[in-house]
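Written out below as structure tokens is the structure these notes cover.
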There are 2 protein chains.
Amino acid sequence: MGIFSKTCEYALRAVFFIARRTVEGNRVGIKEIASGIDSPEHFLAKILQDLTRRGIVQSVKGPNGGFYLNQQSLARPLIEVIEAVDGDGLFRDCGLGLKECSSKNPCPLHSGFLEVRNRLQSMLESITIGQFNEDLNLGIVVLKK
Amino acid sequence: MGIFSKTCEYALRAVFFIARRTVEGNRVGIKEIASGIDSPEHFLAKILQDLTRRGIVQSVKGPNGGFYLNQQSLARPLIEVIEAVDGDGLFRDCGLGLKECSSKNPCPLHSGFLEVRNRLQSMLESITIGQFNEDLNLGIVVLKK
DNA sequence: ATAATAAAAGATGTTTTTGTCTTTTATTAT
DNA sequence: ATAATAAAAGACAAAAACATCTTTTATTAT
């Protein structure tokens, strides 16, 4: 089990992929995205449909259609994608699964977790969907294998 | 989705619960553990059977039997329980699900993740199963609700 | 030895996650 | 208008996670 669901992993790789194509001035089809990030095509389609409904990615149907990102979406922090897909449980729920864990009524790991996941959260708030385009083009970072 | 599997959450709550009873000098039965940590009894039984096989908790059958922790187990870092149940994926696998993600061939989040999860890892290495017994007795920390 | 106890093991069921395949709808170029 | 294109939506299936119930085995007290 990774830190995110498989669904979320695909979503994140996909938005990075779409961002890169977008700044090149192109829309990109589901087939190309799926093969570009090594994900099951139809499964990814569902994920992107959902993100589109939520306004996190943009799409148009028909010839020359495909997915893309508007300026607002390119500037979006990664955490918005994660919360849209996996919810905010990773940042809010008790590490031991307690319903009412809080600073008033903490589980043994409460304070330790607080620090670690605040860091995770602020990291994911500071990273944007569009910030890796150049690194992706240069091959400094990758989205498959 | 929390950071750990449900199975792992139950395992962690259970070992804390057993630790507390152990230092009081008692073995504790599965029924009492399950109700003490609010978990499904038979499901927890499986989990503890597995941890027993791995030597992470101890048990004896029959009257006056039950689960307990020897000195070595009481001193065990929490990460050993987590790795026994969920594996080490949380600390090793790529956040975006790439098979070959590394510093040589990083995903966009590679370096950011490295820092956060090294912190998580060292936190879980420094906490021991037996270190919350007093806080549990005083009600400063809790294992259910 | 026997009965009672409690973990271990086995069988089975449910729900969620992940994945595939087909049909429909919207858009564009001709 | 029509045909081609590509996302959207729907139906279905496999696998994994989560959960329950029953039977067996080991241990202890009598």
Side-chain angles (χ1 to χ4, degrees), chain A residues 1-15 17-18 21-22 26-69 85-87 89-90 96-97, chain B residues 1-15 17-18 21-22 26-69 85-87 89-90 96-97:
Chain A
M1 208 187 58
I3 187 153
F4 303 129
S5 69
K6 225 85 190 75
T7 301
C8 191
E9 290 176 356
Y10 294 146
L12 292 171
R13 307 219 299 267
V15 295
F17 188 90
I18 298 169
R21 282 288 187 281
T22 293
N26 301 311
R27 294 178 187 137
V28 55
I30 186 69
K31 271 189 171 44
E32 187 183 349
I33 303 171
S35 91
I37 69 169
D38 217 27
S39 79
E41 179 185 328
H42 297 285
F43 188 49
L44 180 63
K46 299 290 187 195
I47 299 166
L48 290 182
Q49 278 165 34
D50 184 53
L51 290 180
T52 301
R53 253 180 262 117
R54 295 167 183 270
I56 290 177
V57 312
Q58 285 68 51
S59 72
V60 300
K61 290 183 177 183
N64 294 318
F67 296 91
Y68 66 101
L69 298 171
V85 176
D86 280 352
L90 185 60
L96 297 192
Chain B
M1 205 189 61
I3 188 154
F4 304 129
S5 68
K6 228 77 198 78
T7 301
C8 191
E9 290 176 356
Y10 294 146
L12 292 171
R13 307 220 298 268
V15 296
F17 188 91
I18 299 169
R21 281 289 187 280
T22 293
N26 301 311
R27 293 176 187 140
V28 54
I30 186 68
K31 270 188 172 42
E32 187 183 349
I33 304 171
S35 91
I37 69 169
D38 218 25
S39 79
E41 178 184 329
H42 296 287
F43 189 49
L44 180 63
K46 298 290 186 196
I47 298 167
L48 290 181
Q49 277 164 35
D50 184 53
L51 290 180
T52 301
R53 255 180 260 118
R54 294 167 183 268
I56 288 176
V57 312
Q58 284 68 50
S59 73
V60 300
K61 289 183 177 183
N64 295 317
F67 295 90
Y68 67 100
L69 299 170
V85 176
D86 280 352
L90 185 60
L96 297 191

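Order of the sequence lines sets the chain letters (A, B, ...), proteins ahead of strands, with each chain counted from 1. Just so it is clear, the model here is predicted, and its values are computed rather than measured. Below, all heavy atoms of this structure are taken into account, side chains as well, without hydrogens, waters or symmetry copies.
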OP1 or OP2 of [N] sitting under 4.0 Å from any side-chain N/O of [X]?
{"X": "Asn64(B)", "N": "dA29(D)", "value": "yes"}
{"X": "Thr7(B)", "N": "dC18(D)", "value": "yes"}
{"X": "Ser59(A)", "N": "dA8(D)", "value": "yes"}
{"X": "Tyr10(B)", "N": "dC18(D)", "value": "no"}

(message) Looking at Arg54(B) and Asp50(B), is there a salt bridge between them, counting it only when a charged N and a carboxylate O are closer than 4.0 Å?
(response) yes

Atom [atom1] of [X] to atom [atom2] of [N]: distance rounded to whole Å?
{"X": "Lys6(A)", "N": "dA15(D)", "atom1": "NZ", "atom2": "P", "value": "16 Å"}
{"X": "Lys46(B)", "N": "dC18(D)", "atom1": "NZ", "atom2": "C1'", "value": "13 Å"}
{"X": "Leu48(B)", "N": "dC18(D)", "atom1": "CG", "atom2": "C1'", "value": "16 Å"}
{"X": "Ile30(A)", "N": "dT25(C)", "atom1": "CD1", "atom2": "P", "value": "20 Å"}
{"X": "Asp50(B)", "N": "dA7(C)", "atom1": "CG", "atom2": "P", "value": "16 Å"}
{"X": "Leu44(A)", "N": "dA6(D)", "atom1": "CG", "atom2": "P", "value": "16 Å"}
{"X": "Arg21(B)", "N": "dA6(C)", "atom1": "CZ", "atom2": "C1'", "value": "17 Å"}
{"X": "Phe4(A)", "N": "dT17(C)", "atom1": "CZ", "atom2": "C1'", "value": "17 Å"}

(request) Find out whether Phe67(A) and Arg21(A) are in side-chain contact, i.e. whether some heavy atom of one side chain is under 4.5 Å from a heavy atom of the other. (result)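 A side-chain contact under 4.5 Å is absent here.
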
(message) Counting C-beta onward and ignoring hydrogens, is there a side-chain heavy-atom pair between Leu90(B) and Phe4(B) closer than 4.5 Å?
(response) yes

(request) Mind checking Val57(A) for me? I need base, sugar-phosphate or nothing, with any heavy atom below 4.0 Å counting as a touch. (result) nothing

(request) Tell me which nucleotide among dT5(D), dA26(D), dA8(D) gets nearest to the side chain of Lys61(B). (result)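 Of the options given, the side chain of Lys61(B) lies nearest dA26(D).
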
(message) Taking the nucleotide of DNA chain C with the nearest heavy atom to each, does His42(A) or Gly29(B) sit closer to the 5' end?
(response) Gly29(B)

(message) Judged by each residue's nearest nucleotide on DNA chain C, which is more toward the 5′ side, Gly65(B) or Pro63(A)?
(response) Gly65(B)

(request) Hunt down the Watson-Crick or G-U wobble partner of dT30(D), both distances under 3.5 Å, from any strand shown, or write none. (result)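 Here dT30(D) is engaged in a pair, and the nucleotide opposite it is dA1(C).
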
(message) Strictly by Watson-Crick or wobble contacts shorter than 3.5 Å, is anything paired with dA6(D), and which nucleotide is it?
(response)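 Pairing partner: dT25(C).
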
(request) State, to 0.1 Å, how close Tyr68(B) and Val60(B) come at their nearest heavy-atom pair, and which atoms those are. (result) CE2-CG1, 4.1 Å

(request) Could you tell me which non-hydrogen atom of Ala34(B) sits nearest to which non-hydrogen atom of Glu41(B), and how far apart they are? (result) CB-CA, 3.7 Å

(message) Judged by each residue's nearest nucleotide on DNA chain D, which is more toward the 5′ side, Arg27(B) or Phe43(B)?
(response)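 Residue closer to the 5' terminus by nearest nucleotide: Phe43(B).
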
